[in-house]
Student: 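The structure's right below; bear with me while I get my questions together.
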Amino acid sequence: MAAEYTFCRLFCLIADKLMLQGKKILLGVSGSIAAYKAATIVRLLVKEGAEVKVVMTPSACDFITPLTLATLSKHEVPVTISDNQSWNNHVMLGRWADVMLIAPASANTLSKMANGACDNLLMATYLSATCPVLIAPAMDEDMWHHPATRANITRLLSYGHKQLPVEKGELASGLFGEGRMAEPENIIQYLHEHFNNESVASQAGDLQPVNGSPLPLQGKKALVTAGPTQEPLDPVRYISNHSSGKMGIAIADALAAAGAEVTLVLGPTGLSAAHPSVKTIRVVTADDMFRGSEAHFAQSEVIVMAAAVADYRPKHIADLKMKKGEGDALILELEKTKDILRTLGATRTEKQVLVGFSLETNNEQEYALKKLREKNLDLVVMNSLNDKGAGFNHDTNKVTLFDKQGGINELPLKSKSEVAQDIVRKIVDILHTNTPLIV
Ligand code: CTP
């Protein structure tokens with residue numbers, strides 16, 4: 001068993017390294033200071049065996065030279081539609097690629113893409129591309145939050161393009177905030193996920209619409225809880241846990257991508273949902289999370305409670321900062337918080353699909369099945385802190401799904417976004433079983 005596990009891990013690692021072998025990647029570089037990172041992106045892609053061609057906008061050349069990217073990619077880098085006597089065939093470039101990655105995508109390029117403007121070679125290539133398009137935006141925080149940029153992103157997502165989350169950090173303006181382009185390593189990881197999802201989708205049936213048919217959760221309302229809660233002790237201290245919220249956020253994004261109208265009740269975390277249609281209610285305590293969830297529970301057909309809610313909170317919250325006493329110990333009196341899943345689960349109807357999580361360190365299956373039964377769930381997602389790469393803060397997870405019919409799906413280690421898609425597929429299955437088609 002141990003040898004089998006080691007072999008699987010080794011196989012996954014090798015498979016991950018080879019994930020981009022032979023993939024044709026067309027990199028579009030637009031004018032942003034983050035363009036200098038295009039060199040690293042090309043290097044990492046080539047190192048993983050991908051074939052890379054690069055197209056640049058004229059203003060990108062202010063930040064990095066075509067010669068640098070041509071040398072690294074081993075292909076000429078066209079910038080203009082014609083060079084002296086020859087014409088750069090944007091149509092064939094767009095058709096050549098398995099994926100077109102636009103990184104960095106400046107606010108200007110996003111706007112042109114959303115509106116189909118075609119005033120440079122990058123735009124002509126983009127408009128000719130028949131492959132999936134991934135966008136890694138880069139701009140200052142205020143530009144990123146501007147309603148025009150938000151609207152452009154929404155439009156681009158409606159074209160079926162994928163947007164990589166921007167990162168938080170120091171910006172070209174010297175300010176600190178959201179808008180930095182995803183780091184090259186994260187972009188490569190995203191490409192792994194993209195190609196992995198493509199192969200999973202082709203094996204397992206996709207969540208994407210086929211020939212204009214509606215998305216599987218179109219018109220359904222969903223409620224997701226995610227992240228930790230913080231229970232204050234005094235104005236400067238609190239009790240909490242290590243949850244980052246990544247798994248629940250990935251589920252909210254996957255439900256939204258499947259067409260659901262999602263409300264995400266999110267505990268304190270620096271992360272946010274990437275899908276622009278996810279409505280996020282930020283909360284701090286278990287009590288706030290209960291109220292935020294209760295307000296949306298009855299009208300939701302899909303409910304996924306992935307939050308790591310504190311089970312206890314300090315019975316008394318000091319108004320002023322507690323001072324160190326003379327003694328060596330401090331005894332805190334804690335009281336139980338409301339179990340949100342159990343309390344709201346007691347009021348659920350047969351039309352709702354209710355999903356809970358079970359993170360354990362021992363007797364995992366026994367405890368997970370107990371939660372499935374006692375919290376009135378359709379599905380419990382079990383993960384164990386004993387599995388490497390699973391649990392808090394990782395970008396990967398290893399889960400087993402137990403449904404109330406006795407079905408068990410043990411999934412291998414995957415990225416959290418893939419796990420989220422598997423969970424959403426299972427939810428879609430349960431919904432179909434609950435509401436058989438009337439012909
Ligand atoms: N949960 C909740 N409200 C709480 C505690 C847990 O909604 N106050 C939900 C979690 O979001 C998760 C499930 O219940 O979906 C299981 O949470 P977990 O903490 O693993 O289990 P508990 O029921 O709290 O039991 P224990 O901590 O003893 O394992």
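Each ligand, and each atom within it, is numbered from 1 in the order the structure gives. When reading the values below, keep in mind they use all heavy atoms of this one structure, side chains included, and skip hydrogens, waters and symmetry mates.
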Student: Is any N or O atom of Val309, backbone or side chain, closer than 3.5 Å to an N or O atom of ligand 1?
Tutor: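 Between Val309 and ligand 1, no N or O pair is found under 3.5 Å apart.
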Student: Is it true that Asp98 and Lys24 make a salt bridge, defined as a side-chain N closer than 4.0 Å to a carboxylate O?
Tutor: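 Answer for the salt bridge query: no.
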Student: Less than 4.0 Å is my threshold; does some heavy atom of Lys338 fall inside it relative to ligand 1?
Tutor: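 Yes.
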Student: Going by ring pair (Phe, Tyr, Trp, His ring centres under 6.0 Å), name the pairs with one or both residues in residues 140-171, residues two or more places apart or in two chains.
Tutor: Tyr126-His161, Tyr159-His161
Student: Quick one: look at Asp311 and ligand 1, take heavy-atom pairs under 4.0 Å, and tell me if it's side chain, backbone, both or neither.
Tutor: side chain
Student: Pick from Leu20, Val52, Ile41: which one makes a side chain to side chain contact (heavy atoms under 4.5 Å, CB included) with Val46?
Tutor: Val52
Student: Pull out every atom of ligand 1 sitting under 4.0 Å from any heavy atom of Gly356, numbered as shown with elements.
Tutor: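 Per the distance check, 15 (O).
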Student: To the nearest 0.5 Å, what is the distance between CE on Met139 and CG on Asn108?
Tutor: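 One gets 10.0 Å once the value is rounded to the nearest 0.5 Å.
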Student: What residue and atom, counting heavy atoms only, is the protein's closest point to atom 11 (O) of ligand 1, and at what distance?
Tutor: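 Nearest protein contact, heavy atoms only, for atom 11 (O) of ligand 1 is Ala307 O, 2.7 Å.
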Student: Considering the heavy atoms of Thr337, write down every atom of ligand 1 situated less than 4.0 Å from one of them.
Tutor: 8 (N)
Student: Please report which non-hydrogen protein atom sits nearest to atom 22 (P) of ligand 1, along with the residue it belongs to and the distance in Å to one decimal place.
Tutor: Lys375 NZ, 3.7 Å
Student: Is the closest basic N to carboxylate O distance between Arg291 and Asp288 below 4.0 Å?
Tutor: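 Salt bridge flag = yes for Asp288 with Arg291.
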Student: Tell me the side-chain hydrogen bond (donor to acceptor under 3.5 Å, both in side chains) pairs involving residues 300-311, sequence neighbours left out?
Tutor: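 Those involving residues 300-311 do not exist here.
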Student: Answer with yes or no whether the side chains of Asn152 and Thr149 bring together a donor and an acceptor at under 3.5 Å.
Tutor: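 Absent: no donor and acceptor within the cut-off.
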Student: Output yes when Glu183 and Lys37 qualify as a salt bridge under the 4.0 Å nitrogen-oxygen rule, no when they do not.
Tutor: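 Counted as a salt bridge, because a side-chain N and a carboxylate O are separated by less than 4.0 Å.
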Student: For ligand 1, indicate whether the residue Ile340 contacts it via side chain, backbone, both or neither (heavy-atom separation under 4.0 Å).
Tutor: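 Both parts.
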Student: Can you report which non-hydrogen protein atom sits closest to atom 7 (O) of ligand 1, along with the distance?
Tutor: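 Answer for atom 7 (O) of ligand 1: Leu341 N, 2.9 Å.
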Student: What's the shortest distance from atom 2 (C) of ligand 1 to any protein heavy atom, and which residue and atom give it?
Tutor: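 So the nearest neighbour among protein heavy atoms is Asp339 OD1, 3.4 Å.
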Student: Roughly how far, to the nearest 0.5 Å, is OG1 of Thr130 from CZ of Arg95?
Tutor: 6.0 Å
Student: Based purely on interatomic distance, does Ala306 place a nitrogen or oxygen under 3.5 Å from a nitrogen or oxygen of ligand 1?
Tutor: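 There is no such contact.
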Student: What residue and atom, counting heavy atoms only, is the protein's closest point to atom 15 (O) of ligand 1, and at what distance?
Tutor: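 Of the protein heavy atoms, Met305 O, 2.6 Å lies nearest.
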Student: What protein heavy atom sits nearest atom 16 (C) of ligand 1, and how far off is it?
Tutor: Phe357 O, 2.9 Å
Student: Have a look at ligand 1 and work out which part of Lys371, if any, has a heavy atom under 4.0 Å from it: side chain, backbone, both or neither.
Tutor: side chain
